[in-house]
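Okay, structure first, notes after.
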Amino acid sequence: MELPKKYDAQVQEEKWQKYWLENKIFQYNPNSKKKVYSIDTPPPYASADHLHVGHGMHYSQFEFVARFQRMLGREVFFPMGYDDNGLPTERFVETKHKVDKSKITKSEFIKLCLKETEKTGKTYYDLFTRLGFSIDWSLLYHTIGDRARRVAQKSFIDLYKKDRLERTDMPTLWCVHCQTTIAQADLESSDLNSAFNDIIFKCGDQDLVISTTRPELVPACVGLFFHPDDKRYKKLKGKKAKVPLFDYEVPILSDEAVELDKGTGLMMVCTFGDKEDVEKWLKHKLETRVVLAEDGKLNKLAGKYEGMKAKEARKEIINDLKENKLLTGQKDISHAVNVHERCGTEIEFLQKPQWQIKVLDKKKELIEIANKTNWYPAHMKVRYEHWVKNLQWNWGISRQRYYGVPFPIWYCKKCGEVLLADEKDLPVDPMEQKYKGKCKCGSNDIIPEEDVLDTWMTSSCTPEINEDWGGKDKGILPMSLRPQAHDIIRTWAFYTIVKSYYHHNNIPWTDVMISGHGLDPKGKKMSKSKNNFVVAQDVISKYSADAFRFWSATAKLGEDLSYQEKDVLTGQKFVTKLWNASKFGIMHLEGYDGKKAKLDAFDSWLLSKLQKVIKVSTTNFEQYEYSKCKSETENFFWHDFCDNYLEISKDRLYNPDKRGEEGKKSAQYALYNSLLSVLKMMAPITPFITEEIYQLYFKNIEKDKSIHISSWPKHDSKLVDEKLEKTGDKLVEVISQVRKIKSEKKVSLKEPVKEIILDMKEDEVKGFIDDLKAVTKAEKISFGEKLKIVL
RNA sequence: GGGCCUGUGGUCUAGUGGUAUGACGUUUCCUUGACGUGGAAGAGGUACCAAGUUCGAUUCUUGGCAGGCCCACCA
């Protein structure tokens, strides 16, 4: 048969997407006897209306794995989820629609969120299907959907019953912009310009100078501290100092944590400026003078500064201090400040009752359990360990927001008892549903919890959502693979491990593969504001999905990959070459009966080399090194197969009358098997072109409905012949020499060669000679001490 | 300040204890019965720097330097 002259990727790729979907090629079969390979797909935030090549790369990298595992004979569970609840979605909707949370009703806002998430869901679906992802879309979940809400609430109840939760009103991290409590993992550090202000506190007649970056917190000052060894201040211990402008007294105390040489060595402690303040407030049982309210404005304790935002008040207070000659100096500095990663606002500390998952008391266990999971690449585990070791706060899960999963609890107003929802009723919304029954104390006066759960409370349960925990319980825990990028090890990976450990005393997945980031051509992070944003869809439309995926496979796992258009081009060229080589091969497979022929020397040479490629590709792919499979197969295909073997075998394929039918059959056998193996090994990376070629020819013989559910090539040690391979390699080297000489003499490759004298033994190269003669157009081959080529 | 990773021809990159792979680009040639979105050949790297281990290091060790990421500091 003959293949069409040209391959139109845009047309064919669309055709195969449809074919795969319509024929449910990638449907997960829960009743299959095959071993299950389950993937805990990262549910993308429904907070992007554009997807750059980095997104596409990241998802492609574990899509390769899904296809590979399927061909290895596993029943692949490959779901998709959309992370469309919580703060990320709210922030996205707020900015996109310029919404002010205080000027819109809760239900209007939620409606907007749902509308947006539906839209972005479609954007993702389009990109993922365009890239040919072998997702079973019937397994789709939304983190705002019923199943996810139920699981998140069940998770809460289970943690409560296992005494892993506590509700405290300790000072906690607070975002004045989002007006919610947040967790340590939601922090980001940002370099900001600020100033040290030297302010005078009076102690009797003495002027005490403290240095602070936050003069607006002077009215929140509850004590001055110095180091116990600091001779300058020792004698002040126990005395009182007068707070400037606000005219009240605070104690002067000592604490080991104060640094002698920082500022003036005297430190102002406020409620609350930072974590140090919180610690000293606790340890020394200081007074509480909260000046900063939830909205970031100063309250009435601030006197004339009431109602001002912190920054305004800072300016005013500095001015007033200057006027009263209470400011002795100012020094500009730049320092790292913790900001909320969602909005970039500097965080504050606030006393607010909130729920926390206790993790600080289980650091050791949380590190141990992570060791039972295989991390690829292994060094990524260090980031996890580092994060866990350095944790300073328990995981705060209360958010004073709208669009999230509600807490499944009520409180008894009379005795304060926490009343849990019945698991049978999940998911519940206590704001809308009444608690069934009475409190133990007999009271009927029951109020709902108004906060919603942290968005990570749901996304940390993706294995349980996939499992349908508390529902159908599919039995897929622990899952086989968690693919994710390295920037969310401290959040997604960490939180998921916490949950799995507490809920099931087990690991959430056997393997974790951590991929790098897609960067711009200069190696910088892509962002809209920097205008270095390459849209994935544009690249796919210009080249093809296969070419895009080919680029995605160039990076080693875990390495950042800068986007290089030339590498997409290389992918495109590969697709063309594969098409053309297949066209040639299939043309010559006419009449091939699949029977194993007695193999000619160069055919054995090719198949022997192929075995190595199969072995290396397979073992590397099993370790998530898809890039190695790609490069090995590509190299074999382009050089051994196309450049050399196809040229060598041409004479036998074209001229069976001269060279004999046996020689042709042998070539056909090698051709068929090596081409099919190459197609299969490239199928996970470039699924469209390989499917097209498979369907046009191989399907009739192989019978599998799709190359993607055919079996992965098996390494056959019987086909390996090291000695023969070496001889073949040496002769290929001779062929290359002939080409070189012809090229130097600027003559066509068709030009005949008078004689080749080989520096090899005649019986060693016997089986190769006829092919060698044909491919080099040599009139005579003889043997001698030194290689000589006579034109 | 701590940790992790990276540093290879113009660009991007592979692998390796014995001076290096491929791609893109570039130069010359070839319109060969799969392919000119091609083929062949060539030019182009003292492998970030220094010291050490070794017969020998690009590869191992240590120390620099540079870049990236993570964390801490935030009076």
Side-chain angles (χ1 to χ4, degrees), chain A residues 2-3 5-7 187 189 191-192 194 196-197 199 210-214 217 221 224-226 257-259 262-270 273-277 280 333 335-338 346 377 379-387 389-392 486-487 489-490 516-517 519 521-525 543 554-556 558-588 627-628 631-632 634-635 638-639 642-643 646-647 650 653-655 736 738-751 777:
Chain A
E2 212 171 318
L3 263 49
K5 197 162 164 56
K6 293 265 176 192
Y7 170 75
L187 299 178
S189 109
D191 279 318
L192 294 174
S194 183
F196 264 128
N197 300 279
I199 299 172
I210 61 106
S211 269
T212 181
T213 54
R214 304 205 57 187
L217 290 182
C221 178
L224 296 187
F225 280 79
F226 60 87
V258 179
E259 283 173 48
K262 195 154 187 173
T264 57
L266 199 59
M267 170 188 182
M268 161 177 97
V269 168
C270 311
D274 61 22
K275 201 163 185 287
E276 279 299 316
D277 287 354
K280 292 198 185 50
I333 55 157
H335 66 164
V337 176
N338 277 329
E346 288 178 58
H379 69 81
M380 289 295 180
K381 192 171 71 186
V382 178
R383 293 205 188 186
Y384 171 90
E385 284 177 5
H386 196 210
W387 174 255
K389 273 184 197 154
N390 287 309
L391 275 172
Q392 301 192 47
H486 54 61
D487 56 335
I489 291 175
R490 68 174 192 176
H517 282 144
L519 306 172
K522 286 175 192 150
K524 299 275 173 228
K525 217 171 178 173
Y543 298 97
T554 51
K556 264 173 73 176
E559 309 249 297
D560 289 345
L561 176 63
S562 75
Y563 173 73
Q564 301 289 334
E565 189 162 358
K566 68 181 182 62
D567 288 332
V568 183
L569 181 77
T570 308
Q572 192 65 7
K573 284 189 174 179
F574 174 80
V575 168
T576 307
K577 187 79 177 173
L578 194 57
W579 176 256
N580 287 321
S582 299
K583 197 167 71 179
F584 172 85
I586 289 166
M587 188 171 83
H588 288 285
S627 68
K628 185 76 183 162
S631 60
E632 286 286 315
E634 182 192 7
N635 205 38
W638 209 291
H639 299 110
C642 292
D643 293 350
L646 289 188
E647 295 306 324
K650 266 180 184 170
L653 290 168
Y654 276 110
N655 310 310
S736 172
V738 171
R739 282 181 190 145
K740 190 175 166 179
I741 288 167
K742 285 181 182 175
S743 182
E744 276 166 2
K745 299 250 151 120
K746 300 189 178 180
V747 298
S748 157
L749 289 178
K750 279 203 298 193
E751 198 74 13
K777 315 279 178 207

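Numbers restart at 1 for each chain; the letters A, B, ... are given by sequence-line order, proteins then strands. Being a predicted model, the structure only gives us computed values, none of them experimental.
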Using the P atom in both, what is the distance from B:U13 to B:G56, to the nearest Å? 33 Å
Write down the distance between CG (A:Asn580) and C1' (B:C35), rounded to a whole number of angstrom. 4 Å
Mind running side-chain contact (heavy atoms from CB on, under 4.5 Å) on A:Thr213 and A:Asn197 for me, showing each step along the way? CA-CA 6 Å; A:Thr213 54; A:Asn197 300 279; 5.7 Å; no
Starting from P on B:U11, measure out to CD on A:Gln564 and report it in whole angstrom. 11 Å
Any base atoms under 4.0 Å from A:Val269, or only sugar-phosphate, or nothing? Heavy atoms, all strands. nothing
Minimum heavy-atom separation for A:Met268 and A:Asp277, please, with both atom names. O-OD1, 4.0 Å
Using the P atom on both, measure B:U26 against B:U37 and round to a whole Å. 15 Å
Which residue lies more 5' along RNA chain B, comparing A:Thr554 with A:Asn338 via nearest heavy atoms: A:Thr554
Any donor-acceptor N or O pair under 3.5 Å, side chains A:Gln564, A:Ser562: yes
pair_partner(B:A66), Watson-Crick or wobble, both distances < 3.5 Å, evaluates to B:U6
Distances under 3.5 Å only, N/O to N/O: pair up the protein atoms with those of nucleotides 2-7 of chain B.
residue : atom : partner  : partner atom : Å
B:C4    : O2'  : A:His379 : ND1          : 3.4

When the C1' atoms of B:C65 and B:C48 are compared, how many Å lie between them, rounded to an integer? 7 Å
Nearest listed nucleotide, side chain of A:Lys777, among B:G33, B:C69, B:A75: B:G33
Less than 4.5 Å apart, any side-chain heavy atom of A:His386 and any of A:Ile489? no
Between A:Trp579 and A:Leu3, does a side-chain contact (heavy atoms from CB on, under 4.5 Å) hold up when you go through it step by step? CA-CA 9 Å; A:Trp579 176 256; A:Leu3 263 49; 4.0 Å; yes
What contact category does A:Phe196 fall into here, base, sugar-phosphate, or nothing, at under 4.0 angstrom with non-hydrogen atoms? sugar-phosphate
If B:G38 has a Watson-Crick or G-U wobble mate with both distances under 3.5 Å, name it; if not, just say none. B:C30
So for A:Glu259 and B:A75, does any side-chain atom that can act as donor or acceptor lie under 3.5 Å from a complementary atom in the base? yes
Roughly how many Å is it from CG in A:Asn197 to P in B:A75, rounded to a whole number? 11 Å
Separation of B:A75 C1' from A:Leu224 CG (nearest whole Å): 10 Å
A:Tyr543: what forms a side-chain hydrogen bond (donor to acceptor under 3.5 Å, both in side chains) with it, not counting sequence neighbours? A:Glu565
Answer with base, sugar-phosphate or nothing: what part of the nucleic acid does A:Glu346 contact at a heavy-atom distance below 4.0 Å? nothing
Using a heavy-atom cut-off of under 4.0 Å over every strand shown, decide if A:Cys642 touches base, sugar-phosphate, or nothing. base
For B:G1, the Watson-Crick or wobble partner whose two distances fall under 3.5 Å: B:C71
Would you mind pulling out the nucleotide paired to B:C60, Watson-Crick or G-U wobble, both distances under 3.5 Å? B:G52
For B:A23, the nucleotide meeting Watson-Crick or G-U wobble distances (both under 3.5 Å) is B:U11
Between the main-chain N or O of A:Val269 and the side-chain N or O of A:Lys280, is there a donor-acceptor pair closer than 3.5 Å? no
Closest of B:C35, B:A23, B:C73 to the A:Ser189 side chain is B:C73
Please state how far atom CG in A:Asp567 lies from atom C1' in B:U13, giving the value in whole angstrom units. 8 Å
Could you list all N or O pairs between the protein and nucleotides 36-45 of chain B that sit under 3.5 Å apart?
residue : atom : partner  : partner atom : Å
B:G39   : OP1  : A:Lys577 : NZ           : 3.2
B:G39   : OP1  : A:Trp638 : NE1          : 3.2
B:A40   : OP1  : A:Asp643 : OD1          : 3.4
B:A40   : OP1  : A:Asp643 : OD2          : 3.2
B:A41   : O4'  : A:Ser743 : OG           : 3.3
B:G42   : OP1  : A:Lys740 : NZ           : 3.1

Proximity to the side chain of A:Lys556 - top-ranked nucleotide from B:A75, B:G15, B:C12: B:G15
N/O (side chain, A:Thr213) to phosphate O (OP1/OP2, B:A75) under 4.0 Å: yes
Got A:Lys556 and A:Lys628 here, is their nearest side-chain heavy-atom distance under 4.5 Å? no
With the side chain counted from C-beta on, respond yes when A:Lys650 and A:Phe584 share a heavy-atom pair under 4.5 Å apart, and no when they do not. yes
Quick check on RNA chain B: between A:Met587 and A:Asp191, whose nearest nucleotide comes earlier from the 5' end? A:Met587
Please state how far atom NZ in A:Lys628 lies from atom P in B:U21, giving the value in whole angstrom units. 14 Å
Using whole Å, report how far CG of A:Asp560 lies from P of B:C70. 10 Å
Atom pair distance, as rounded to whole Å: NZ in A:Lys280 and C1' in B:A75: 8 Å
Can you check the distance between B:A20 and B:A57, where both ends of the measurement are the C1' atom (answer in whole Å)? 13 Å
B:C49 and B:A14: how far apart are their C1' atoms, nearest whole angstrom? 24 Å
Inter-nucleotide C1' distance (B:U8, B:U46), Å rounded: 13 Å
Please lay out, stage by stage, how A:Lys275 and A:Asn338 fare under the test side-chain contact (heavy atoms from CB on, under 4.5 Å). CA-CA 11 Å; A:Lys275 201 163 185 287; A:Asn338 277 329; over 6 Å; no
Which whole number of Å gives the distance between the P atom of B:U61 and that of B:G7? 14 Å
How close do A:His486 and A:Gly558 get, counting heavy atoms only, and between which atoms? CD2-O, 4.4 Å
Minimum side-chain heavy-atom gap A:Lys742-A:Lys777 below 4.5 Å: yes
Please report the distance separating the P of B:G36 from the corresponding atom of B:U32, rounded so that it comes out in whole Å. 11 Å
